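What follows is a single structure, written as structure tokens, with notes after it.
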2 protein chains.
Amino acid sequence: MASHGARGRGGGRPTLEEVAARAGVGRGTVSRVINGSPRVSDATRAAVEAAVTELGYVPNTAARALAANRTDAIALVVPEPETRFFAEPYFSDMLRGVGSQLSDTELQLLLIFAGGDRERRRLAQYLAAHRVDGVLLVSVHADDPLPDLLAQLEIPAVISGPRSAAETLTSVDSDNYGGARSAVEHLLLGGRTRIAHITGRLDVYGAQRRVDGYRDALRDAGREVDELLVEPGDFTEEGGRRAMTLLLRRRPDLDAVFAGSDVTAAGARQVLREAGRRIPDDVALIGYDDSAIARHMDPPLTSVRQPIEEMGRAMIDLLLAEIADRRPPLSRGPARRHAVLATELVTRASS
Amino acid sequence: MASHGARGRGGGRPTLEEVAARAGVGRGTVSRVINGSPRVSDATRAAVEAAVTELGYVPNTAARALAANRTDAIALVVPEPETRFFAEPYFSDMLRGVGSQLSDTELQLLLIFAGGDRERRRLAQYLAAHRVDGVLLVSVHADDPLPDLLAQLEIPAVISGPRSAAETLTSVDSDNYGGARSAVEHLLLGGRTRIAHITGRLDVYGAQRRVDGYRDALRDAGREVDELLVEPGDFTEEGGRRAMTLLLRRRPDLDAVFAGSDVTAAGARQVLREAGRRIPDDVALIGYDDSAIARHMDPPLTSVRQPIEEMGRAMIDLLLAEIADRRPPLSRGPARRHAVLATELVTRASS
DNA sequence: ATCACAGATGGGAGCGCTCCCACACTACCT
DNA sequence: AGGTAGTGTGGGAGCGCTCCCATCTGTGAT
């Protein structure tokens, strides 16, 4: 019944006040129970909980947000067009980690794509309105103004993949340096001596770190780094083909390739095949990311796995800490946190 | 500068009242300008807009939501685990359509997965709290309690793919009947006479409609429907293999197969190959969905394309209408709407 | 008995907005 | 001149919560 207008003053949802009346206590007490404050006697708590159940009370989020100045929502901001989001398993894994870590909280996760200019403006407006308590930033380019905007608005934020060694935002990353080292060490152990590296986009910090890892692994094994064996790529398949072509021309005697991504490795593989090189007999090949294509490649590709789901979980942990820090009296100083999670070399037939 | 505590009474965000003071007008007038009411003189409007810009005023969403009893958010509810969401391009296309149609509004889109029991409970809580103004429901099974919950809570909702001919929720669908007809008619036109159909899951209304279309196309062409040529499938590849095996056993002389999905067609193709049938020479094959695998199959698969992105847009249109209807005095009666969008047969080498 | 103190409780004040009623003020009719 | 519609405009009264202070009660120390 109450057919037309559940909005009417009578038929609507129960309020705190109504619960209080029903339980025979004051408004403040009900609020305390709802929010799990310890300063409530057991008897009172039970009475209030009964009233809540009987009335089917559900707190009004808007009222709470207004009074408490928080939204109980955080945003996962993807500065990419939606297409890429769906195409790359990275995001899916990340989302799973984030979601799972969020599931024991009351926080709502918003997914926001900000690929185009229009979306960027919307996002800026959105953040200015403080519609979220915190922001998770994934896949951010070095020159992106978003981190600065976040800092200026004083919105807690965590970035996945720091933009540089001097990242100011709290960050989560996988151990790109260690991952690259383990790949190269594995190749050295296999007796390879002329190991090439097709890098990722070098304006991405993680790609730089992989180059560092590659270099140090060789140096620590007592080898010179032959600069002719290092060729910049851009994470793409086409980039892999181009780089591989150049490398083969410069160093036809190379016997291993460490690629900046699985897709790059796929491109390299194609060129190697066309040049009559057998994998892994003539040239060993290692990729990065351990994506689906690594498993399905012929031969299956050895690759460095990043714990993306765990990174998602770590991001939530850090963000929650960040948010908690700003809640009490005055902000507890910029105790920036940076988490770095271990990678794992997944060995397959290509190496 | 206002370093600690942007929450303090002084350093925070400007409010309506402050804008009003600055512009030398009353609170109500500023509200009118912000909300685009026509009952404001041009001069006043200009003054207010100037003040808004100078102060960098952004409305407080929580306050607005509380006072106006709306959230300016709608949810896209996916009753599937996230994995499927990412695996199937259906959702990605749908999301694109929804997003684009939403971009000229002030509405925020929330993406909610409700695959497991736990998520379902969270969702129920979420809806009970009326945290969204409306809901978009995709991929709902026939026995799902969600639509009833929505109706009970009086939350505007639109479903993609009605659950039956008697769907009570406003719905958007593609013309499954017409799509199936066009596929069968194409096969008849190509001179095929013994056309088999591997259906989709028959508890999905759309799959039933496709069977209807298949039958009527044959009848209208003056042919009997041979029930031995109809075998239930379940949209999967494995189901396609199983059904195709049965069909070949029962009717070794069949010369065409219309499958309930592209994936099913892929399963069927495999069995046909193993049985030594050539496609399309011996047996023509048509799928449904026009997904990526249709293009990449060997030979490329003729398939029925559904305008998924447009369906997404249509869902938003209907939902907005639904929401608008319930806003004024009393709800304008249950004028249920059902949109049906045309499909298109994409012809390739398999038929 | 008296005082001090901690725990439990009630309720006022406000968060920033929308809604709506009342009040100008103007223009146009009788 | 008096009426009668309109327009614009100001501001009170909430929306349903959280925060915090005042109050009350019971306990143990003096």
Side-chain angles (χ1 to χ4, degrees), chain A residues 5-48 52 55 57-72 106 128-131 327-329, chain B residues 5-10 12-48 52 55 57-72 106 128-131 133 327-329:
Chain A
R7 287 200 53 191
R9 292 294 100 81
R13 300 161 47 196
T15 69
L16 243 206
E17 198 106 27
E18 288 166 326
V19 174
R22 174 88 173 215
V25 300
R27 197 164 21 78
T29 303
V30 177
S31 177
R32 261 166 240 130
V33 172
I34 299 292
N35 293 291
S37 156
R39 327 199 123 281
V40 181
S41 72
D42 290 346
T44 309
R45 180 182 307 279
V48 170
V52 165
L55 262 36
Y57 171 75
V58 179
N60 180 318
T61 338
R64 172 177 287 174
L66 178 59
N69 198 33
R70 61 192 162 85
T71 63
D72 290 327
E106 293 288 277
H130 285 264
R131 294 186 64 165
R327 221 81 104 171
Chain B
R7 286 200 53 188
R9 291 295 98 81
R13 299 160 49 196
T15 70
L16 246 206
E17 199 107 29
E18 288 165 351
V19 174
R22 174 88 173 212
V25 300
R27 195 162 22 76
T29 302
V30 177
S31 177
R32 262 167 238 130
V33 172
I34 299 293
N35 294 290
S37 156
R39 329 199 120 280
V40 180
S41 73
D42 290 346
T44 308
R45 180 182 308 280
V48 170
V52 166
L55 262 38
Y57 171 76
V58 179
N60 180 319
T61 337
R64 173 177 285 175
L66 178 59
N69 196 35
R70 60 192 164 85
T71 63
D72 289 328
E106 293 287 278
H130 285 264
R131 294 186 63 167
D133 292 340
R327 222 82 104 170

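Here the structure is a predicted model, which is why all the values come from computation and not from measurement. Within every chain, numbering begins at 1; the chains are lettered A, B, ... in the order of the sequence lines, protein sequences first and strands thereafter.
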remark   = Leu55(A) CG to dG16(D) P, in whole Å, measures 14 Å
Hey, what are the protein-to-nucleotides 22-25 of chain C N/O distances that come in under 3.5 Å?
none

inquiry  = Test of understanding: with side-chain hydrogen bond (donor to acceptor under 3.5 Å, both in side chains), list the residues that count as partners of Arg131(B), not counting sequence neighbours.
reply    = none
key: d(CG, Asn35(A); P, dT18(D)) in whole Å   = 5 Å
query = Tell me: CZ of Arg131(A) to P of dG16(C), nearest whole Å?
reply = 17 Å
message = Holding to side-chain hydrogen bond (donor to acceptor under 3.5 Å, both in side chains), I want the full list of residues that pass it with Arg45(A), two or more places apart in sequence or in another chain.
response = none
Atom-pair distance (OH on Tyr57(B); C1' on dC17(C)), nearest Å = 7 Å
request  = Using side-chain contact (heavy atoms from CB on, under 4.5 Å) as the criterion, list what pairs up with Ala47(B), not counting sequence neighbours.
outcome  = none
Nearest-angstrom distance from the residue atom CG of Asp72(A) to C1' of dC17(D) = 12 Å
note = In 5'-to-3' order, the base (B), backbone-only (S) or no-contact (-) status of each nucleotide in nucleotides 23-28 of chain D, using a 4.0 angstrom heavy-atom cut-off, is ------
Thr15(A) side-chain proximity, nearest of dG16(D), dT18(C), dC17(C) = dG16(D)
Contact summary for Pro14(A) and Leu55(A), nearest pair of heavy atoms = CG-O, 3.4 Å
ask   = To the nearest Å, how far apart are Ile34(A) CD1 and dT18(D) C1'?
value = 12 Å
inquiry  = Within the structure provided, determine whether Asp72(B) and Glu106(B) are in side-chain contact (heavy-atom separation under 4.5 Å).
reply    = no
For residues 31-40 of chain A, which side-chain N or O atoms pair as donor and acceptor with protein atoms under 3.5 Å away, sequence neighbours left out?
| from | atom 1 | to | atom 2 | distance (Å) |
| --- | --- | --- | --- | --- |
| Ser31(A) | OG | Asn35(A) | ND2 | 3.4 |
| Asn35(A) | ND2 | Ser31(A) | O | 2.8 |
| Ser37(A) | OG | Arg39(A) | N | 3.2 |

side-chain contact (heavy atoms from CB on, under 4.5 Å) partners of Thr15(B), counting only residues at least two apart = Glu17(B), Glu18(B)
inquiry  = So, does Asn69(A) get its side chain near the phosphate of dT18(D), meaning an N or O under 4.0 Å from OP1 or OP2?
reply    = no
note = Comparing Arg27(B) with Leu66(B), nearest DNA chain D nucleotide closer to 5' gives the residue Arg27(B)
Between P of dT7(D) and CG of Asp42(B), the distance in whole Å = 14 Å
query = Sequence neighbours excluded, which residues qualify as side-chain hydrogen bond (donor to acceptor under 3.5 Å, both in side chains) partners of Ser41(A)?
reply = Thr44(A)
query = Partners of Ala63(A) by side-chain contact (heavy atoms from CB on, under 4.5 Å), sequence neighbours excluded?
reply = Asn60(A), Leu66(B)
inquiry  = The criterion is side-chain contact (heavy atoms from CB on, under 4.5 Å); which residues satisfy it with Ala65(A), sequence neighbours excluded?
reply    = Ala62(B)
request  = Can you pull out how bent the helix from dA1(C)-dT30(D) to dT30(C)-dA1(D) is, comparing the axes over its first five and last five pairs, to 10°?
outcome  = 50°
request  = Find the distance between OG1 (Thr61(B)) and NE2 (His130(A)) and round it off to the nearest 0.5 Å.
outcome  = 10.0 Å
Using nucleotides 4-9 of chain C, report all nitrogen or oxygen pairs with the protein that are shorter than 3.5 Å.
| from | atom 1 | to | atom 2 | distance (Å) |
| --- | --- | --- | --- | --- |
| dT9(C) | OP1 | Ser41(A) | OG | 3.1 |
| dT9(C) | OP1 | Thr44(A) | OG1 | 2.3 |
| dT9(C) | OP2 | Ser41(A) | N | 3.0 |

task = Calculate the interatomic distance between Leu16(A) atom CG and dG12(C) atom C1'; express it in whole Å.
result = 15 Å
inquiry  = Taking any heavy-atom pair under 4.0 Å as a contact, classify Arg64(B): base, sugar-phosphate, or nothing.
reply    = sugar-phosphate
message = Looking only at the side chain of Ala68(B) (C-beta and beyond, no hydrogens), which of the listed nucleotides dT18(D), dT18(C), dG16(C) gets closest?
response = dT18(C)
ask   = Within the modelled atom types, does a donor on one side and an acceptor on the other bring the side chain of Arg13(A) and the base of dG16(D) under 3.5 Å apart?
value = no
task = Name the residue closer to the 5' end of DNA chain D, choosing between Gly24(B) and Ala63(B) according to the nucleotide with the nearest heavy atom.
result = Gly24(B)
ask   = So does Ser31(B) get a side-chain nitrogen or oxygen closer than 4.0 Å to the phosphate oxygens (OP1/OP2) of dT18(C)?
value = yes
remark   = Heavy-atom closest pair (Ala129(A) atom, Val58(B) atom, distance to 0.1 Å) is CB-CG1, 3.4 Å
